[in-house]
Amino acid sequence: MSALISELNPEQLEAVTLPHQSALVLAGAGSGKTRVLTTRIAYLIQSGQVSPHGILAVTFTNKAAKEMLVRIASMLPIDTRGMWVGTFHGLCNRMLRAHHQDAGLPQAFQILDSADQLAVIKRLLKALGADDEKFPPRQVQWFINNAKEEGLRASQVETYDDFARKMVEFYRFYEQQCNKEGVVDFAELLLRSYELLTRNEHLREHYRGRFDHVLVDEFQDTNRLQYKWLKLLAGNRAAVFAVGDDDQSIYAFRGANTGNMKDFEKDFRISKIIKLEQNYRSHGNILDAANTLIRNNSGRLGKNLWTSEGHGEPIRVYNAPTDFDEASFIVEEVKSLRAEGVVLSQIALLYRSNAQSRVLEHALFNASLPYRVYGGMRFFERQEIKHALAYLRLIANPEDDNALLRIINFPVRGIGMRSVEQLQDEAGRQGGSLWAAMGHKYRGDAAFGPNSGDKAQVRLESKPWLDKPKKGVEGFVALIESMRQVCEKLPLPEVVEHMLEHSRLAAYYRAEREGADRLENLNELINAATSFVHEAEDDSLTAFLSHASLEAGEHQAGGGQEALQLMTVHSAKGLEFHSVFLSGLEEGLFPHDNSRNEVGGVEEERRLMYVAVTRARRRLYLSFAQSRMLHGQTRYNIPSRFLHEIPDSLLKWLQPVQKVAIRNEDWGTGRKGSGRVIHEPGHGVPARPADIRDSAASQWRIGQNVTHARFGAGVIVNCEGHGADSRVEVRFGRTGTKWLLLEYAKLTPA
DNA sequence: GGCTCCTACTTTTTT
DNA sequence: AGTAGGAGCC
């Protein structure tokens, strides 16, 4: 016991050993948040206050959940598999599987990811003859998910105009469609689970009786529904231990509600908030920068990070003429860091938006520095994997129209648009699924239905259809039926293998010229199934499909190598690195232009900046470029306001080195082309791109930083006219872009 | 049914 | 700049 808690600081100790009561822990970046959470679980169990059975621990990402389980397992010699530790969605899925009948779901209900959901909505809108100019599918999707995340069904959404009424109508049809197919989207997992507990008193009391302690990680990221779910589950008995950091709330844009922290204080009668402010990660200068920065936000719960370690190095700032120069600066610095012995995997290149990675990748590629970009296409979202999963879904649940439509004619088997439309009409008439419509139409001449399995089996053995596949709908029905038969008897990896061959998916990609990678991914799917069977408690096909939907991000290829880490600031949350490069610190980019019009947008951007800064342990680089290629256009930006919010005393401005990268002919020829950065040490290569022209009034140039008496700092982005008519277009930080007559506007070069 | 061309889009993202 | 998805043509 004492070993568990001996190395905790007083606040951590207080949090870990708190008696049975609800508590809010404000845990700053690097303050040992995960450690406190897991140690508390271990402490509660080891001191006999609760059995593993009585613990419910919730996180947002699978990665965090896994990390939690690993840490608990390292502290306690218990089997963690029976514990309810997981993501909101994972736990709700678990609950709904256990009570699928009470929840009104088929046993093998399938989970739609965002792309699946969008496909269902598109199909629905089309069937309803909706004008997709007026009602873009994405917006409908957004509307539905928002409503669900507020805990509202179509019948409960209040509408004040025709547009909203139309949206609600789509929502209602969407609900019906999902119910018909036995599929649920992500938000539905939460909402169903919530409704199940609301309606079913017996179950509610069962779970309330079971969970003595509910622990929540990243509490600031919970949405309204998740909060309601927690409240419902906790009841009056359970102690809810919520850990979060309002300063690291960066997901308001997708429904996270920091207000939950304040509600929590009230609803759970929290008498005392424990603050973890001692930081074990970063040196003083980095923390001071983060603290001063975040103080510009209003309505914070308030917290100041400190460290017992020294100030460390100053924060390095680099002002680059162009994004290319910025990238080559970073490359040079990375090289010298590596020479100093910092391993590449401990260096992160962070940026606000994914589009910024390209120029960095290019420079890294040319410098032969290994790197890994996070946040690309996920394994389970790849086209070929989606196809394969669609077959598997049909095996598990043939009513899944979405899956059926994806592969009814892939690989092609002569089912054209017309046949599909006929089937859809038929399904519409029957009010059932497409599969049911097929059965209706082909009953008698094709193997179909629960009792026709034997027939299919005989057919399969006597005349293997692989040699002579039946075409058309009849062939498709026979194919799926035979797969369903065969798969009942095989272990999961062999089911996948069988499906890949007999669906002819494997053959299709084997024949495809560029299909090698896809084929490899399909093989990887068999591997994924194999390891799933070894690791999971439940190794059924349905469980595997849930895993594929809920943990799509987990299965990322090519991890572990010694490589630089490239990612957005969002995906860096929770991670730490020896050295961090934060590039693109420009107004319009970070803070992003689009956030300026949103309520609280800039404050969220500032929290994002706070997250970025606090990722660095020892060294932090901040850089910006005066001109940048974005969406095919050169943009001229002024330095980010966040840069000015960090005290100058913490910063060290680096001089532009005499090595300047210029673009040559090859530069834009693509990632794997022969593009090359030319280094010309000591040569006076002009730092500015060649496309900058002198304006009429020659003292002003495009790209020049200027100051305006009223609008403040800006940068000239365009100019026109001669003599007294000369006008310049200036982009200012707050005011946006303005055309100014040089004769009147009091501009000073900055 | 599949290919090519054109257009529209481009903040952040987990489940 | 780059790409994804749709329309239209063979």
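All values reported here derive from a predicted model rather than from experimental measurement.
The only option from Thr568(A), Thr614(A), Asp221(A) that meets the side-chain hydrogen bond (donor to acceptor under 3.5 Å, both in side chains) definition with Lys573(A) turns out to be Asp221(A).
Remark: P of dT13(B) and OH of Tyr351(A) are 9 Å apart, rounded to the nearest angstrom. If you measure from atom NZ of Lys126(A) to atom P of dG6(C), you get 8 Å, rounded to the nearest angstrom. Between the CH2 atom of Trp142(A) and the P atom of dT11(B) there is a distance of 16 Å, given to the nearest Å. Summarising the geometry, the separation between OH on Tyr610(A) and C1' on dT12(B) is reported as 19 Å, rounded to the nearest angstrom. Atom CE in Met629(A) sits roughly 5 Å away from atom P in dA1(C) (whole-Å rounding). His89(A) has its NE2 atom 17 Å from the P atom of dT13(B), to the nearest Å. Here the P atom of nucleotide dT11(B) and the CZ atom of Arg352(A) are 9 Å apart, to the nearest Å. In this structure, Glu381(A) atom CD and dT13(B) atom C1' are separated by 10 Å, rounded to whole Å.
Relative to the side chain of Glu605(A), the nucleotides dT11(B), dG2(C), dT13(B) differ in distance, and dT11(B) lies closest. Taking only side-chain atoms of His570(A), from C-beta outward, the nucleotide of dT15(B), dT11(B), dT13(B) with the closest atom is dT13(B). When each of dG2(B), dT3(C), dT15(B) is scored by its nearest atom to the side-chain atoms of Arg358(A), the top-ranked nucleotide is dT3(C). Nearest nucleotide to the Phe253(A) side chain, out of dT15(B), dT13(B), dA1(C): dT13(B). Of the candidates dT12(B), dT15(B), dG2(B), the closest approach to any side-chain atom of Thr61(A) belongs to dT15(B). The side chain of Lys122(A) lies closest to dG6(C) when the candidates are dG1(B), dT13(B), dG6(C).
Checking Asp325(A) against Thr322(A) by side-chain atom types alone, a donor-acceptor pair falls below 3.5 Å.
Of all the heavy atoms in Ala29(A) and Asp245(A), the pair that sits closest is N-OD2, 3.7 Å.
Backbone-only contact: Tyr251(A) has heavy atoms under 4.0 Å from sugar-phosphate atoms and none from a base. Glu188(A) comes within contact range of no nucleotide atom at all, as no heavy-atom separation falls under 4.0 Å. Contact annotation for Ser549(A): no contact, since no heavy-atom pair falls under 4.0 Å across all strands.
A salt bridge between Arg123(A) and Glu421(A) is absent, with no side-chain N of the basic residue lying under 4.0 Å from a carboxylate O of the acidic one.
No hydrogens or angles were tested; on distance alone, nothing pairs the side chain of Thr568(A) with the base of dT13(B) as donor and acceptor under 3.5 Å.
Between Ile415(A) and Asn594(A), it is Ile415(A) whose nearest contact on DNA chain B lies nearer the 5' terminus.
Here the side chain of Asn397(A) pairs a donor or acceptor atom with the backbone of Glu181(A) at under 3.5 angstrom.
Checking the phosphate oxygens (OP1, OP2) of dT13(B), a side-chain nitrogen or oxygen of Asn354(A) falls inside 4.0 Å. Residue Asn409(A) places at least one side-chain N or O under 4.0 Å from the OP1 or OP2 atom of dG1(B).
The side-chain ring of His592(A) is stacked on the base of dT11(B), judged by centre separation under 5.5 angstrom and plane angle under 30 degrees.
Evaluation of the ring-ring contact (aromatic ring centres under 6.0 Å, His included) rule for Phe590(A) yields Phe642(A) as partners, not counting sequence neighbours.
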